[in-house]
Undergrad: 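One structure follows; several queries about it will come next.
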Amino acid sequence: MPTYSSGSTGIFFMNVDQSLRTAVKQAAEALFGQPLETIQLQPTNAEFEGSHTVVCFPLTKLSRKGPEETARLVGDYLVQHAGIVSKYNVVKGFLNLVLSDQVWVDVLRAIVANPHYGQLPDNGQEIMIEYSSPNTNKPLHLGHLRNNFLGWSVSEIYKNNGYTVRKVQIINDRGIHICKSMAAWKLYGDGETPQSSGMKGDHLVGKYYVLFESQFRKEIGELIDKRNAEQPFIEVMSIFFRENPTATNFVFDYEGDAPFVVERSNTSVQYVEWEALRKILVKTFDDISRLVQGKKKGASLMYEWLKPVLSEETIFTKAQDMLRKWEQKDPDTVALWQTMNGWVYDGFGATYARMGVDFDKLYYESDTYLLGRDEVLRGLEKGIFFKKEDGSVWVDLTADGLDQKVLLRSDGTSVYMTQDIGTAILRFRDFPKITGQVYTVGNEQEYHFKVLFLILGKLGYDWAKRCFHLSYGMVDLPTGKMKSREGTVVDADDLMQEMYEEAEKQTRELGKLEDMSGEEAKRLFNMIGLGALKFFLLKVDPKKRMLFDPQESIQLQGFTGPFVQYTHARIRSILRKADSMGLRVSAADLNSVIALEPAEREALQVLSIFETKVQEAAREYAPSIIANYAYDLAKEYNKFYQSVPILPETDANKLKFRIALSRSIADAIKRAMYMLGIDVPERM
RNA sequence: GGCCCGAUAGCUCAACUGGAUAGAGCAUCAGCCUUCUAAGCUGACGGUUCGGGGUUCGAGUCCCUGUCGGGUCACCA
C-alpha cells in the first residue's frame with residue numbers, strides 16, 4: 001500500500017506523482033499478476049475532471065482487456081486501496097484521477113513547512129559553467145546578452161539542484177582583433193582616453209575597431225583602383241572566356257549581395273560595371289582567398305589579379321606587425337595592449353554590473369595559449385598528432401568522421417583550438433573536484449567543440465566526455481542577422497538603457513508611483529526594464545534561433561517578465577495587509593478539512609510541480625522551462641486572485657489556506673525568477 | 001557540394017521526449033474596476049503542425065523522401 005497518511009504533519013511525498021506511481025504499480029501487480037516497469041502519468045486535460053491521468057493503453061497487454069475496462073479496474077483499485085484517490089473517470093484509455101481536497105491541503109502544508117521549497121539538497125557535485133567570453137576589441141551586444149543571461153541562469157538552476165557551481169569565462173584578450181584597435185588608435189587616436197573623451201572604455205576601443213575597418217576598406221579601394229589602372233580587370237574576363245570556351249557568363253556572388261555578372265556577349269570594356277565589382281571586392285577582400293579555395297571557375301584568375309594588392313602595406317599589415325611585436329614582448333606594444341585592454345575591462349565591468357552577472361574566476365587567453373601549445377607538442381611526441389612538411393601540426397579526425405584540423409601554425413604560433421585545449425586543462429587543474437564543464441557558446445561553433453572534446457579525449461583526459469557544449473541559437477533582428485560590418489548590431493548598454501526608460505515611461509503612464517521615493521522608483525524601473533529583457537531572451541528554448549523584436553521586447557503585458565513581477569507585487573500587497581491584521585499562517589495551521597475552489601486546487605497543482613521543473617530545467621540546460629513555469633504559476637494565481645476573495649473571507653480555515661497559498665506562490669515566483677536573474681518588486 | 005540544425009494560428013513562442021479535441025502571448029473583436037493593484041481576468045476569432053510516403057492501438061514528436069530557411073566546412077576567433 002502507498003505510504004501516504006493523510007493526518008501526517010511530517011514529511012511525505014510533496015510530489016504526489018511518486019506515490020501515485022507506486023500505487024498504480026501495486027494495482028497492476030495485484031490485478032494482473034505482473035509487474036509494470038514504466039507508468040505513464042500525465043496532467044489531466046483541463047476539460048476533464050481530475051489532476052492526474054494514467055495512460056492505460058500500455059497496460060492492456062498485461063490485463064488482456066480493452067483499454068477502458070483496464071482503466072476502470074485500476075481506477076476502482078486505486079479508490080479502494082490508495083488513500084489519495086477520491087474518485088476517477090475514464091475517457092477512452094485515459095484514467096483521470098481526482099485527489100481528495102485533503103491531499104491538496106497536505107501538499108500545501110508540506111510546502112509551507114519547507115522554507116527551501118524549490119531548492120534541492122546539496123548533492124556533493126561540483127560543475128563549471130563558462131559563459132560570456134568576449135573579445136576585447138568591442139563592446140558587448142545583444143548576442144552577448146543572450147549568452148550571459150543563459151550562462152548565469154543555468155548556473156543558478158544547477159545551484160538550485162544541489163550542485164556547487166563555478167562560473168568562469170575565457171577572455172580573448174590577445175590576437176589580431178585587439179591589435180586592429182591598437183593600430184587605429186596609434187595612428188589616429190591622438191592620445192584619446194576614456195577620461196579625455198568621456199566615453200566608456202569598451203566603447204572607445206570599439207570606436208577604433210570600427211575606424212580600423214573603415215580605414216582599411218578605404219585603403220583597399222584605392223589599391224584596387226591602382227591595380228585596375230595597371231591592368232584593367234576586363235582583361236581577366238577576356239582570359240576567362242578564352243580559357244572557358246563553353247562558359248556563357250562569369251558570376252561572382254557573395255552572401256546575398258547582388259552578384260557581379262559578366263555575360264559572354266558583353267565582354268567589351270564599356271559593359272563591365274566596374275563600380276559594382278569594386279564595391280564587392282572592397283567588402284569581401286578578407287574573404288577572397290578563402291572563396292578562391294572553392295571550386296568556382298575563374299576565381300583563381302581573379303585571385304591572381306588581386307595578389308599584388310595583398311602584399312601592399314595597409315593598416316591591416318600594421319596590425320599584423322603589432323601582433324608579431326606583441327608575441328615578441330615588445331615593451332611599447334605590450335604597454336599599449338595592457339592600457340587598451342584595461343579600458344575595455346573597466347567598461348565590461350560596468351556592463352556586467354548592470355546586467356547582474358558575475359564570475360568566480362576569469363581566465364585570459366594570454367595566460368593559457370602557451371599551455372595549450374605545450375600540450376599539443378606533447379601530443380605530437382606521443383604520436384597523437386602529426387607534423388606536415390611546412391612545420392604545422394595537425395590532428396587527424398577522419399576516423400571519427402571529421403576532417404584534419406590544424407593545431408599549430410607553420411610558424412609555431414597558436415590557433416583558437418590550441419588555447420582552448422590549454423584552458424580546459426588548466427581549469428581541471430584549478431578545480432580538481434569538478435565533474436564536468438559546460439561551455440555556453442553559440443551554435444556556430446558546434447564543430448569546434450566536437451573537435452575540441454575529441455582532442456582532449458585523445459590526449460588522455462577522461463573528463464573530456466563530461467564536457468558539454470551548451471549550444472544556443474543566434475538572435476536575429478526583424479531586419480535580419482546582426483552584422484558588425486554593416487553596423488546592425490544592438491549594443492548591450494544602449495539596449496538596457498532603453499528598457500529602463502521604457503519601463504519608466506509605462507510606469508508613469510499607469511500612475512503607479514504614488515508615494516514612492518525617487519530611489520525606490522529608480523530601482524523599480526531598473527527591475528522592470530531588465531526583467532522584461534531577461535525574460536524575453538530566456539523564455540525561448542536556448543537551442544532555438546530566436547527573433548528579437550524591440551517593439552515586442554518592451555511589452556509589459558502578457559507572457560513577459562513584468563507580468564510575473566506584477567503578480568508577485570500583488571501577492572505581497574495582500575500579505576502586507578494580512579501581516580498588519582496579525583494574520584500569520586504556519587504549517588501547523590493547515591490541518592482542517594476544507595472544500596477547495598477549483599482555482600485554488602489548480603494553482604496549488606502548478607505550485608506542487610516546481611521542483612520537478614527545476615530538475616527538468618537542469619537536465620535540459622533550459623532556463624526557458626523555468627520562465628514558462630513562472631508564467632504558468634503567475635497566470636494560475638491571477639485566476640485564483642480574480643475569482644476567489646482572500647482577505648474578505650470569513651471562514652478562518654479558508655482564510656489561512658488562501659494566505660498560505662499566496663505566500664508560497666509568491667516565494668516560488670521569487671525563487672524561479674531569481675534563477676533567471678530577475679528580481680521581483682514588493683510593489684509596482 | 002559534404003555534414004549539422006530548423007520549419008507549429010497573421011506574428012512571436014509552447015506542447016512533460018509516442019498519448020485525449022495541438023496550447024499561450026501579441027494583434028483583432030466583445031465583456032469585467034464602490035472585493036484584496038485592470039501591467040489583471042473572462043469570452044470570440046484564428047491550424048492540412050512545410051509537402052509526400054511509412055512504422056502502430058495512437059505521430060507535431062520516430063524512419064524514408066522532397067521543398068524552403070539557417071549554420072559550418074580558415075595556418076580567423
Side-chain angles (χ1 to χ4, degrees), chain A residues 40-48 53 55-58 60 66-67 91-94 96 133 135 172 174-177 286-287 289-290 293-295 365 388 390-394 401-403 405-411 413-417 419-420 442-448 450 471 473-474 476 478 481 506-507 509-510 512 514 528 536 539-541 543-549 551-553 555-560 562-563 565-567 569-574 577-578 609 612-613 616 620 624-625 628 631-632 634-635 638-639 641-643 645-649 658 662 683-684:
Chain A
Q40 286 189 45
L41 194 64
Q42 62 187 32
T44 303
N45 277 15
E47 66 209 281
F48 304 116
T53 293
V55 183
C56 290
F57 298 100
T60 55
V91 181
K92 297 183 194 168
F94 297 92
N96 302 322
S133 304
N135 288 350
N172 302 303
R174 166 205 91 90
I176 191 67
H177 52 271
D286 333 43
D287 295 321
S289 64
R290 183 159 63 95
Q293 287 167 7
K295 48 267 137 197
E365 189 186 324
K388 287 194 177 172
D390 61 3
S392 56
V393 179
W394 295 70
L402 306 176
D403 297 318
K405 199 80 190 164
V406 69
L407 299 177
L408 286 178
R409 298 192 187 100
S410 47
D411 63 1
T413 57
S414 304
V415 293
Y416 181 46
M417 188 66 74
Q419 62 97 3
D420 263 2
N443 63 8
E444 73 274 17
Q445 293 197 33
E446 273 173 9
Y447 185 79
H448 171 80
K450 213 181 266 179
S471 166
M474 321 227 96
D476 283 328
K481 199 180 163 181
Q506 296 197 32
T507 305
E509 276 169 9
L510 289 169
K512 292 271 186 180
E514 299 170 359
I528 295 172
F536 190 85
K539 72 180 179 187
V540 180
D541 183 345
K543 291 194 287 289
K544 293 191 178 163
R545 187 183 194 91
M546 73 173 290
L547 183 82
F548 184 84
D549 184 343
Q551 291 306 313
E552 202 180 318
S553 69
Q555 283 277 350
L556 310 183
Q557 298 93 9
F559 187 9
T560 66
F563 170 89
Q565 289 173 318
Y566 175 70
T567 306
R570 264 176 153 187
I571 302 176
R572 294 304 306 173
S573 172
I574 287 183
K577 283 180 185 153
I609 59 170
T612 309
K613 290 290 177 182
E616 193 186 328
E620 304 286 330
S624 58
I625 289 171
N628 278 281
Y631 174 71
D632 283 346
K635 197 164 176 50
N638 281 333
K639 280 185 200 165
Y641 179 94
Q642 183 72 26
S643 57
I646 299 167
L647 294 175
E649 177 58 53
R658 287 172 196 168
S662 298
R683 303 191 292 167
M684 74 181 269

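Reminder, nothing fancy here: chain letters follow the sequence lines and each chain counts from 1. Because only heavy atoms are used, hydrogens play no part in the values below, and waters and symmetry mates are left out as well, while side chains stay in.
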Undergrad: Syn or anti for B/C45? Use the chi torsion, O4'-C1'-N9-C4 for purines and O4'-C1'-N1-C2 for pyrimidines, with syn inside 90° of 0.
TA: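 Because its glycosidic torsion lies more than 90° from 0, B/C45 adopts the anti conformation.
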
Undergrad: I need the CH2-P distance between A/Trp394 and B/A74, as an integer number of Å.
TA: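 Rounded to the whole Å, the gap is 8 Å.
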
Undergrad: In whole Å, what separates the P atom of B/G60 from that of B/A7?
TA: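 The same atom, P, in both gives a distance of 14 Å.
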
Undergrad: When all nucleic acid strands are considered with a 4.0 Å heavy-atom cut-off, which category describes A/Gln445: base, sugar-phosphate, or nothing?
TA: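 A/Gln445: base contact, heavy atoms under 4.0 Å.
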
Undergrad: Once salt bridge (charged side-chain N to carboxylate O under 4.0 Å, His left out) is applied, do any residues pair with A/Lys539, and if so which ones, sequence neighbours excluded?
TA: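 Checked A/Lys539 against salt bridge (charged side-chain N to carboxylate O under 4.0 Å, His left out); zero matches.
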
Undergrad: Within this structure, what is the NZ-CG distance for the pair A/Lys543 and A/Asn443, rounded to the nearest 0.5 Å?
TA: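 Answer for the NZ-CG pair, A/Lys543 versus A/Asn443, is 11.5 Å.
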
Undergrad: Which residue lies toward the 5' end of RNA chain B, A/Pro648 or A/Met474, if each is placed at its nearest nucleotide?
TA: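 Result: A/Pro648.
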
Undergrad: C1' atom, B/U17 versus B/A59: distance in rounded Å?
TA: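 These two C1' atoms come out 13 Å apart once rounded.
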
Undergrad: What contact category does A/Thr413 fall into here, base, sugar-phosphate, or nothing, at under 4.0 angstrom with non-hydrogen atoms?
TA: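 No contact.
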
Undergrad: Toss me the dot-bracket line for RNA chain B: Watson-Crick and G-U wobble, both under 3.5 Å, 5' to 3', using | for pairs to another strand and [ ] for crossers.
TA: (((((((..((((.....[...)))).(((((.......))))).....(((((..]....))))))))))))....

Undergrad: Take the protein atom CG of A/Leu510 and the nucleotide atom P of B/A38, then report the distance between them rounded to whole Å.
TA: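 Distance check: A/Leu510 CG to B/A38 P gives 11 Å.
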
Undergrad: Quick one: OG1 on A/Thr567 to CE on A/Met684, what's the gap to the nearest 0.5 Å?
TA: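 So the OG1 of A/Thr567 and the CE of A/Met684 are separated by 8.5 Å.
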
Undergrad: Rounded to whole Å, please give me the gap between CD in A/Glu649 and P in B/U35.
TA: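 Result: 17 Å.
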
Undergrad: Passes side chain to side chain contact (heavy atoms under 4.5 Å, CB included), A/Val55 versus A/Phe94? Steps please.
TA: CA-CA 5 Å; A/Val55 183; A/Phe94 297 92; 4.1 Å; yes

Undergrad: What's the closest nucleotide to the side chain of A/His448 if the choices are B/C36, B/G71, B/A77?
TA: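 Looking only at heavy atoms from C-beta outward on A/His448, the closest nucleotide is B/A77.
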
Undergrad: Can you name the side-chain hydrogen bond (donor to acceptor under 3.5 Å, both in side chains) partners of A/Arg658, sequence neighbours left out?
TA: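 So A/Arg658 forms a side-chain hydrogen bond (donor to acceptor under 3.5 Å, both in side chains) with A/Glu600, A/Glu649.
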
Undergrad: Output all residues satisfying salt bridge (charged side-chain N to carboxylate O under 4.0 Å, His left out) with A/Lys613, sequence neighbours left out; order by chain, then residue number.
TA: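 Applying salt bridge (charged side-chain N to carboxylate O under 4.0 Å, His left out) to A/Lys613 gives A/Glu616.
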
Undergrad: Drop me the distance from A/Gln445's CD to A/Asp420's CG, to the nearest 0.5 angstrom.
TA: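 Separation between the atoms: 8.0 Å.
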
Undergrad: Would you say B/A39 has OP1 or OP2 under 4.0 Å from some side-chain N or O of A/Tyr566?
TA: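 Checking B/A39 against A/Tyr566, a side-chain N or O does come within under 4.0 Å of OP1 or OP2.
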
Undergrad: Just the rounded figure in Å: distance from P of B/U72 to OH of A/Tyr447.
TA: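 The answer, rounded to whole Å, is 13 Å.
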
Undergrad: In whole Å, measure the gap between the C1' atoms of B/U55 and B/U61 for me.
TA: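 Here B/U55 and B/U61 have their C1' atoms 14 Å from each other.
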
Undergrad: Establish, with yes or no, whether the OP1 or OP2 oxygen of B/C36 is under 4.0 angstrom from a side-chain nitrogen or oxygen of A/Ser573.
TA: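 For B/C36, neither OP1 nor OP2 has a side-chain N or O of A/Ser573 closer than 4.0 Å.
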
Undergrad: With rounding to the nearest 0.5 angstrom, report the CG to OG1 distance, A/Asn96 to A/Thr53.
TA: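 Answer rounded to 0.5 Å: 3.5 Å.
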
Undergrad: Using atom CD of A/Glu446 as one end and atom C1' of B/C5 as the other, report the distance to the nearest whole Å.
TA: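 Rounded to whole Å, this separation is 7 Å.
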
Undergrad: Expressed in angstrom and rounded to an integer, what is the separation of A/Leu402 atom CG from B/U72 atom C1'?
TA: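 For the pair A/Leu402 CG and B/U72 C1', the rounded distance is 12 Å.
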
Undergrad: Regarding B/U37, can its base be found pairing with the side chain of A/Lys512 as donor and acceptor, where the two atoms are less than 3.5 Å apart?
TA: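 When only heavy-atom distances are counted, A/Lys512 does reach the base of B/U37 through a donor-acceptor pair under 3.5 Å.
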
Undergrad: Could you say whether A/Asn172 or A/Ile646 is positioned toward the 5' end of RNA chain B, judged by the nucleotide with the nearest heavy atom to each?
TA: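 Its nucleotide being nearer the 5' end, the pick is A/Ile646.
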
Undergrad: Considering only the P atoms, how many Å lie between B/G51 and B/G10, rounded to the nearest integer?
TA: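 Here B/G51 and B/G10 have their P atoms 13 Å from each other.
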
Undergrad: Can you give one letter per nucleotide of nucleotides 11-27 of chain B, 5' to 3': B if a protein heavy atom sits under 4.0 Å from the base, S if only from the sugar-phosphate, - if neither?
TA: -SSS-BB-BBB--SSS-

Undergrad: Using the C1' atoms only, state how far B/G40 lies from B/C62, rounded to an integer number of Å.
TA: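 Looking at atom C1' only, B/C62 and B/G40 are 42 Å apart.
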
Undergrad: Can a side-chain donor-acceptor contact be found between A/Arg570 and A/Asn638 if the only test is distance below 3.5 angstrom?
TA: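 Yes, a side-chain donor-acceptor pair sits under 3.5 Å.
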
Undergrad: Provide the distance between the two C1' atoms, one in B/G31 and one in B/G47, to the nearest whole Å.
TA: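 These two C1' atoms come out 26 Å apart once rounded.
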
Undergrad: Determine the interatomic distance between C1' on B/C57 and the same-named atom on B/A44; round to the nearest Å.
TA: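 Each nucleotide's C1' atom is 36 Å from the other's.
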
Undergrad: Once you measure the plane-to-plane angle for A/Tyr631 and A/Phe559, does it fall in the parallel (<30°), tilted (30-60°) or perpendicular (>60°) bin?
TA: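 Rings of A/Tyr631 and A/Phe559: tilted, as their planes differ by 30° to 60°.
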
Undergrad: Let me know the distance between OH of A/Tyr641 and P of B/C36, rounded to the nearest Å.
TA: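 The answer, rounded to whole Å, is 7 Å.
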
Undergrad: Could you state the CG-P distance from A/Leu407 to B/A74, rounded to the nearest angstrom?
TA: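 Value for this atom pair: 14 Å.
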
Undergrad: Taking OP1 and OP2 of B/U37, is either one under 4.0 Å from a side-chain nitrogen or oxygen of A/Lys577?
TA: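 So the side-chain polar atoms of A/Lys577 do come within 4.0 Å of the phosphate oxygens OP1 or OP2 of B/U37, strictly under.
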
Undergrad: Does B/U17 sit syn or anti, given that only angles within 90° of 0 count as syn?
TA: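 B/U17: syn glycosidic orientation.
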
Undergrad: So, does A/Arg409 get its side chain near the phosphate of B/A77, meaning an N or O under 4.0 Å from OP1 or OP2?
TA: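 Yes, within the criterion.
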
Undergrad: Look up atom OG in A/Ser471 and atom CD in A/Glu444, then write down how far apart they are to the nearest 0.5 Å.
TA: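 One gets 8.0 Å once the value is rounded to the nearest 0.5 Å.
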
Undergrad: Base, sugar-phosphate, or nothing for A/Ala578, non-hydrogen atoms under 4.0 angstrom?
TA: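 The answer is nothing, as A/Ala578 stays clear of every strand by at least 4.0 Å.
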
Undergrad: List in chain and number order the residues that pass salt bridge (charged side-chain N to carboxylate O under 4.0 Å, His left out) with A/Arg572, two or more places apart in sequence or in another chain; answer none if no residue qualifies.
TA: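 For A/Arg572 the salt bridge (charged side-chain N to carboxylate O under 4.0 Å, His left out) partners, ignoring immediate neighbours, are A/Glu682.
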
Undergrad: Would you measure the distance from the P atom in B/G6 across to the matching atom in B/A14 and give it in whole Å?
TA: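 After rounding to an integer number of Å, I get 12 Å for this pair.
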
